[in-house]
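Both backbone and side-chain heavy atoms feed into the values below; hydrogens, waters and symmetry mates do not. The first residue in the sequence is number 1, and the count goes up from there.
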Amino acid sequence: MFENANPISEAEARNLNPVVLAYVGDAVYSLYVREELVRNTDFKTGQLQKLSSGIVSAHGQSELLDKIMPLFTEEEGDIFRRGRNAKKATKSKNASVGEYNRSTGFEAVLGYLYLTGQCKRIEFLLRKHQ
């Protein structure tokens, strides 16, 4: 799917604010979902946007997280908890606080994996457990 041509070390990534990791992870997950929809459907952009926004929503991410969280390594679990518990500047308009916090943790894990060049791990977690 994608590859990070200039990864950072795991130590550097662990030192980033988990909300910053989630910022990157949000972009990673959005790209993944959009690419999958384009590859597997023949919809127009309006319908693609509607589908992707439902999948990428805090609610959709929280549901996916239930499936993949048991597969997290210890490191990924730590990153998830840091992201879930991080103080956020914004609130979700369409999700519960719990779903929003879980989705931030999920996105932090994806951001961490992407920034450290572990794109095959991202694909494993997302592709196998949709």
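Here the side chains of L51 and F43 are in contact, with some heavy-atom distance below 4.5 Å. At least one side-chain heavy atom of L126 sits under 4.5 Å from a side-chain heavy atom of Y29. S62 is not listed as a side-chain neighbour of H59, based on a closest heavy-atom distance of 4.5 Å or more. Side-chain contact check for R127 versus Y32: some heavy-atom pair is nearer than 4.5 Å. N101 is not listed as a side-chain neighbour of N85, based on a closest heavy-atom distance of 4.5 Å or more. By the 4.5 Å heavy-atom criterion applied to side chains, L64 and I55 are not counted as neighbours. At least one side-chain heavy atom of V56 sits less than 4.5 Å from a side-chain heavy atom of D26. The shortest distance between side-chain heavy atoms of F80 and M69 falls below 4.5 Å.
Using modelled atom types, no side-chain atom of S30 and backbone atom of A27 make a donor-acceptor pair closer than 3.5 Å.
Around CZ of F72, the count of heavy atoms belonging to other residues, nucleotides or ligands within 6.0 Å exceeds 12. Residue D66 qualifies as enclosed at atom CG: its count of foreign heavy atoms under 6.0 Å is above 12.
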With side-chain hydrogen bond (donor to acceptor under 3.5 Å, both in side chains) as the criterion, how do T104 and E107 come out once you've worked through the C-alpha distance, each side chain's angles and the decisive distance to 0.1 Å? CA-CA 5 Å; T104 303; E107 291 171 346; 4.9 Å; no

Let's go through T73 and R121 carefully: what are the C-alpha distance in whole Å and the side-chain angles of both, what is the deciding distance for side chain to side chain contact (heavy atoms under 4.5 Å, CB included) to 0.1 Å, and is it a yes or a no? CA-CA 11 Å; T73 64; R121 178 70 176 156; 4.0 Å; yes

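Hydrophobic clustering places F124 together with L65 (ILVMFWY residues linked when any side-chain heavy atoms are closer than 4.5 Å, directly or through intermediates). Under a hydrophobic-cluster definition in which Ile, Leu, Val, Met, Phe, Trp and Tyr are linked whenever side-chain heavy atoms come within less than 4.5 Å, directly or via other members, L16 and L113 are assigned to the same cluster. By the criterion of side-chain heavy atoms lying less than 4.5 angstrom apart, applied directly or through intervening Ile, Leu, Val, Met, Phe, Trp or Tyr residues, I68 is grouped together with I122 in one hydrophobic cluster.
Residues passing the side-chain contact (heavy atoms from CB on, under 4.5 Å) test with R14, sequence neighbours excluded: E10, A11, E75, I79, Y112.
Remark: E3 does not engage K120 in a salt bridge, criterion side-chain N to carboxylate O under 4.0 Å.
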